[in-house]
Amino acid sequence: VAQVPVAEGKSVQQTVEILTRKLELLGAEKQGTFCVDCETYHTAASTISSQGQTGKLMYVMHNSEYPLSCFALFENGPCLIADANFDILMVKLKGFFQNAKANKIESRGTRYQYCDFLVKVGTVTMGPSARGISVEVEYCPCVIANDCWNLLMEFMQSFMGNHAPGIPSVFGTKHDSIYSPADTMVQYMELFNKIRKQQQVPVAGIR
């Protein structure tokens, strides 16, 4: 999962169109749409004061590729995979975790199949505005990420050029173990947080 910068002089939507045109010229075929969303929960103030803990952020995520699952991730922490009813549980846990409503972020777009590759080009939005572009590439026959990284890299360069990403941090911890949906969600969480931070304009000093 990688972020693609917006082309100079173009909008987010125009850059997405340039990417998808390149994919279609390669021979990739549309295979429907996808959506990955992420809601941020922070530790409730009452919990922090009573237990003297520092506040933690939890990200509750959904991926249309796994419609029956819900992913709960802590930054630098574990990833819990639960069933879709987990959202209802979060409402019951509002004494411990509170939803930072303004922070909902999602990526939506088109899925493409090209030979054994699955490619998803998405527009990342927060509220009504487009904030960035995500590209997810999967080589379907292989489940050991490190075994196919060079092949993935070569394919990504064919339509992303020099914007093809470096090896994801998730791969470093996996080595030769099997890649799982949770690894994809960790990459989306990192990408969403990066886009959020880019949007935070520093406040000018008050005189």
Side-chain angles (χ1 to χ4, degrees), residues 1-5 19 23 31 34-42 56-84 86 103-126 131-199:
V1 178
Q3 183 183 0
V4 177
L19 274 173
L23 275 170
Q31 296 273 323
F34 81 96
C35 176
V36 176
D37 66 54
C38 174
E39 293 209 49
T40 306
Y41 288 82
H42 52 82
K56 266 193 170 178
L57 293 177
M58 182 169 80
Y59 302 95
V60 176
M61 304 178 71
H62 305 88
N63 187 335
S64 55
E65 208 69 17
Y66 312 104
L68 299 178
S69 298
C70 179
F71 301 83
L73 298 91
F74 285 101
E75 250 179 315
N76 313 318
C79 172
L80 167 75
I81 303 175
D83 68 20
F86 188 77
N103 257 346
K104 182 164 184 180
I105 187 166
E106 64 178 27
S107 179
R108 279 179 187 275
T110 311
R111 297 165 88 248
Y112 286 90
Q113 188 84 38
Y114 175 71
C115 302
D116 286 330
F117 293 98
L118 181 61
V119 184
K120 298 175 195 164
V121 181
T123 303
V124 180
T125 54
M126 266 183 88
R131 299 296 178 89
I133 301 157
S134 70
V135 174
E136 178 190 341
V137 181
E138 181 185 343
Y139 180 59
C140 302
C142 185
V143 291
I144 309 292
N146 286 343
D147 287 358
C148 62
W149 175 250
N150 290 340
L151 184 62
L152 271 172
M153 195 66 192
E154 200 175 311
F155 172 60
M156 286 190 287
Q157 282 168 345
S158 70
F159 70 95
M160 291 167 73
N162 57 1
H163 297 309
I167 194 158
S169 55
V170 158
F171 284 25
T173 55
K174 299 297 282 189
H175 295 301
D176 298 326
S177 55
I178 290 175
Y179 187 86
S180 72
D183 298 322
T184 300
M185 300 313 281
V186 167
Q187 290 179 69
Y188 269 109
M189 177 187 80
E190 288 171 355
L191 177 120
F192 288 161
N193 281 342
K194 191 171 140 196
I195 288 174
R196 271 198 198 101
K197 283 177 185 137
Q198 286 167 355
Q199 301 303 322

Exam field: side chain Gln187 to backbone Val1, donor-acceptor pair closer than 3.5 Å: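 Flag set: sc Gln187 to bb Val1 pair under 3.5 Å.
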Does some side-chain heavy atom of [Y] sit less than 4.5 Å from a side-chain heavy atom of [X]?
X	Y	result
Glu65	Pro181	no
Val60	Cys70	yes
Glu190	Val186	yes
Thr40	Ile105	no
Met126	Asn103	yes
Glu136	Leu118	no
Phe117	Leu151	yes

Straight-line distance of [X] [atom1] to [Y] [atom2], nearest 0.5 Å:
X	Y	atom1	atom2	result
Arg131	Thr125	CZ	OG1	9.0 Å
Lys194	Gln3	NZ	CD	4.5 Å
Leu23	Ser158	CG	OG	7.5 Å
Phe192	Ser134	CZ	OG	6.5 Å
Tyr179	Ile144	OH	CD1	12.5 Å
Glu106	Ser64	CD	OG	10.5 Å

[X] and [Y]: which non-hydrogen atoms are nearest, and at how many Å?
X	Y	answer
Val137	Phe159	CG2-CZ, 4.1 Å
Ala182	Ile81	CB-CD1, 4.0 Å
Met61	Leu73	SD-CD1, 3.4 Å
Ser107	Phe34	O-CE1, 3.8 Å
Ala164	Gln157	CB-CG, 3.8 Å
Pro165	Trp149	O-CZ2, 3.8 Å

Run the side chain to side chain contact (heavy atoms under 4.5 Å, CB included) check on Met185 and Val36 step by step: do they pass? CA-CA 9 Å; Met185 300 313 281; Val36 176; 4.0 Å; yes
Restricting to side chain to side chain contact (heavy atoms under 4.5 Å, CB included), what partner residues turn up for Glu39, sequence neighbours left out?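 With neighbours one apart ignored, the set is Tyr41, Asn99, Lys104.
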Pro141, Cys148, Cys142 screened by side chain to side chain contact (heavy atoms under 4.5 Å, CB included) with Asp116, the one that passes: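 One option only clears the test, and that one is Pro141.
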Partner set under side chain to side chain donor-acceptor pair (under 3.5 Å) for Asn193, not counting sequence neighbours: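 By the side chain to side chain donor-acceptor pair (under 3.5 Å) rule, Asn193 matches Tyr59, Arg196.
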Check the pair Phe155, Tyr139 against side chain to side chain contact (heavy atoms under 4.5 Å, CB included), reporting the backbone distance first and the verdict last. CA-CA 10 Å; Phe155 172 60; Tyr139 180 59; over 6 Å; no
Yes or no on side chain to side chain contact (heavy atoms under 4.5 Å, CB included) for Met189 and Phe71, after CA distance, side-chain angles and deciding distance? CA-CA 11 Å; Met189 177 187 80; Phe71 301 83; over 6 Å; no
